[in-house]
*Asks:* 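Take a look at the following structure, please.
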Protein chains: 2
Amino acid sequence: MKALSQVGKYGLRALLYLVAYPPDSQYLSIRQISDDLGLSFHFVTKIFRELTEKGLLISYRGPSGGIALAKPAEEIMLLEVIKALEGDDYFDKCLIGLPHCGSAKPCPVHEFWKEVKTKLQHNFSETSLALLGEKIRTQEVRLDD
Amino acid sequence: MKALSQVGKYGLRALLYLVAYPPDSQYLSIRQISDDLGLSFHFVTKIFRELTEKGLLISYRGPSGGIALAKPAEEIMLLEVIKALEGDDYFDKCLIGLPHCGSAKPCPVHEFWKEVKTKLQHNFSETSLALLGEKIRTQEVRLDD
DNA sequence: CATATTTAAGACTATTTATTCCTAATTAAG
DNA sequence: CTTAATTAGGAATAAATAGTCTTAAATATG
Ligand code: SF4
Ligand code: SF4
């Protein structure tokens with residue numbers, strides 16, 4: 001069950017890095033993130049550009065430039081991140097994708113698919129980046145090997 | 001959240017058609033299924049060929065040939081179908097896909113991702129094709145428009 | 001046996017997603 | 001002003017997924 005595209009996976013990991021290891025200065029460079037996580041610098045740059053466009057990040061060019069969260073990590077819920085990375089319709093997708101769905105009668109698997117989606121959405125909307133960053137810092141969980 | 005590939009979606013729908021509208025004779029032709037559901041005949045054929053190879057279906061060539069379930073619909077759980085269509089590792093996939101995962105410490109989202117997966121897996125393993133077929137027949141749910 | 005029907009097999013094409021690469025714009029610092 | 005560092009933008013390439021098409025094999029029927 002592929003929950004996230006590569007964009008989603010890399011984007012999330014890179015963001016979590018930023019949250020978990022905030023720089024001394026105002027901005028953290030993409031190069032440092034991608035190098036540390038072993039991700040493609042160009043790919044991460046592309047992903048972050050979109051997050052910047054969507055207002056989740058702010059960026060600054062030039063020496064000692066980089067990216068930073070647009071608001072405190074406490075106020076950014078995983079849900080917002082996922083939607084930014086995967087599209088706002090992320091939780092609207094259906095399991096078997098019937099034409100004209102959502103209308104009249106549901107398909108055979110609608111009920112528990114909805115349950116599962118709702119649960120995940122709920123979890124995501126309750127989890128802040130700050131919390132995850134803290135877990136990473138205390139090494140309760142890990143971001144790489 | 002894309003849960004199933006096109007192969008998975010079409011395959012499941014086509015299978016459910018077979019279960020819900022079993023033929024008078026022993027086999028149901030792929031042509032009838034694909035025409036009725038508005039799916040590509042060739043694509044469905046391709047998908048079914050794999051299900052046949054995996055022992056979920058049996059096929060028979062020639063006039064009044066077609067495909068049939070290899071065992072009673074009561075004994076086929078959705079889980080088996082999904083795994084056949086999407087690969088046995090379907091429920092092993094992880095959310096952010098860290099290298100060497102499952103080993104030492106989990107990543108930040110492992111816990112609730114596991115919950116969700118377990119729930120879905122459980123639902124799937126409790127739901128038989130027979131049950132879904134019955135729901136379709138009684139029009140409690142629908143397979144197409 | 002001849003023909004029509006149906007699945008099997010796999011090549012081929014198209015579309016989407018993933019990834020890399022090149023060039024421009026911005027800015028700090030000497 | 002020059003240079004180096006950094007993100008911005010978008011083109012180009014690669015890989016994976018989706019979908020089509022052609023030919024072969026099997027089988028029923030007359
Ligand atoms: S009923 Fe629900 S799961 Fe089924 S096709 Fe519609 S939206 Fe998707
Ligand atoms: S800890 Fe779990 S969710 Fe996180 S990368 Fe590993 S398997 Fe995936």
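Every value quoted in this text rests on a predicted model; they were computed, and no experiment measured them. In what follows, chains carry the letters A, B, and so on, assigned in the order in which the sequence lines appear, proteins first and then strands, with residues in each chain numbered from 1.
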*Asks:* Does B:Lys2 reach a base, just sugar-phosphate, or nothing at all? Heavy atoms under 4.0 Å.
*Replies:*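 The residue B:Lys2 makes sugar-phosphate contact but no base contact.
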
*Asks:* Counting only N and O atoms by type, is there a donor-acceptor contact under 3.5 Å from the side chain of B:Lys117 to the main-chain atoms of B:Phe91?
*Replies:*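 Yes: the side chain of B:Lys117 pairs with the backbone of B:Phe91.
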
*Asks:* Nearest whole Å is fine: how far is D:dT17 P from B:Leu4 CG?
*Replies:*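 Atom-to-atom, B:Leu4 to D:dT17, this comes out as 14 Å.
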
*Asks:* Can you find a heavy atom in the side chain of A:Ile33 that is under 4.5 Å from one in the side chain of A:Phe41?
*Replies:*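 Side chain of A:Ile33 against side chain of A:Phe41, heavy atoms only: no contact under 4.5 Å found.
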
*Asks:* Are any side-chain N or O atoms of B:Thr127 and backbone N or O atoms of B:Phe124, one a donor and one an acceptor, separated by less than 3.5 Å?
*Replies:*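 Answer holds: no.
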
*Asks:* Hey, which of these two, A:Gln6 or A:Ser64, hits DNA chain C nearer its 5' end, going by closest nucleotide?
*Replies:*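 Result of the comparison: A:Gln6.
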
*Asks:* Is there a side-chain contact between A:Ser40 and the phosphate of C:dT20, meaning an N or O under 4.0 Å from OP1 or OP2?
*Replies:*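 Looking at the OP1 and OP2 atoms of C:dT20, one of them is under 4.0 Å from a side-chain N or O of A:Ser40.
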
*Asks:* Using rotation axes that map the C1' atoms of four end pairs onto the next four (five pairs an end), what angle separates the end axes of the helix from C:dC1-D:dG30 to C:dG30-D:dC1, to 10°?
*Replies:*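 Computed angle between terminal axes is 10°.
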
*Asks:* Between P on C:dA4 and CZ on B:Arg31, what's the gap in Å once rounded to a whole number?
*Replies:*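 Rounded to the whole Å, the gap is 16 Å.
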
*Asks:* Within residues 51-63 of chain B, find the residues that approach DNA chain D with a heavy atom at under 4.0 Å, and present them sorted by residue number.
*Replies:*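 Hits under 4.0 Å, by residue number: B:Tyr60, B:Arg61, B:Gly62, B:Pro63.
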
*Asks:* Rounded to the nearest Å, what distance is computed from the NE2 atom of residue B:His42 to the C1' atom of nucleotide C:dT13?
*Replies:*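 Going from B:His42 (NE2) to C:dT13 (C1'), I get 14 Å.
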
*Asks:* Could you tell me if B:Gln32 and B:Tyr17 have a donor-acceptor pair between their side chains, going purely by distance under 3.5 Å?
*Replies:*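 Per modelled atom types, B:Tyr17 and B:Gln32 side chains form a pair under 3.5 Å.
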
*Asks:* Which is more 5' along DNA chain C, the nucleotide nearest A:Phe41 or the one nearest B:Ile30? Just name the residue.
*Replies:*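 The answer here is B:Ile30.
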
*Asks:* Determine whether any donor atom in the side chain of B:Arg49 lies under 3.5 Å from an acceptor atom in the base of C:dA9, or the reverse, and answer yes or no.
*Replies:*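 Such a pair is found, so the answer is yes.
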
*Asks:* Taking only Lys NZ, Arg NE, NH1 and NH2, and the carboxylate oxygens of Asp or Glu, determine whether B:Glu134 and B:Arg137 approach each other closer than 4.0 Å.
*Replies:*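 Judged by the 4.0 Å cut-off on N to carboxylate O distance, B:Glu134 and B:Arg137 do form a salt bridge.
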
*Asks:* What heavy-atom pair brings A:Ala84 and A:Leu51 nearest, and what distance separates the two atoms?
*Replies:*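 What the structure gives for the nearest pair is CB-CD2, 3.8 Å.
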
*Asks:* Does a nitrogen or oxygen in the side chain of A:Tyr10 sit under 4.0 Å from OP1 or OP2 of C:dT19?
*Replies:*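 Indeed, a polar side-chain atom of A:Tyr10 lies that close.
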
*Asks:* Between atom CD in A:Glu86 and atom P in C:dA18, what is the gap in whole Å?
*Replies:*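 So the CD-P distance, A:Glu86 to C:dA18, works out to 8 Å.
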
*Asks:* State whether the distance check finds a donor on one side and an acceptor on the other, under 3.5 Å, for side chain B:Lys46 versus base C:dG10.
*Replies:*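 Side chain to base: no pair present.
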
*Asks:* Can you establish whether the number of heavy atoms outside A:Lys114 located under 6.0 Å from its atom NZ is more than 12?
*Replies:*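 No, NZ of A:Lys114 has 12 or fewer neighbouring heavy atoms, counting only those of other groups under 6.0 Å.
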
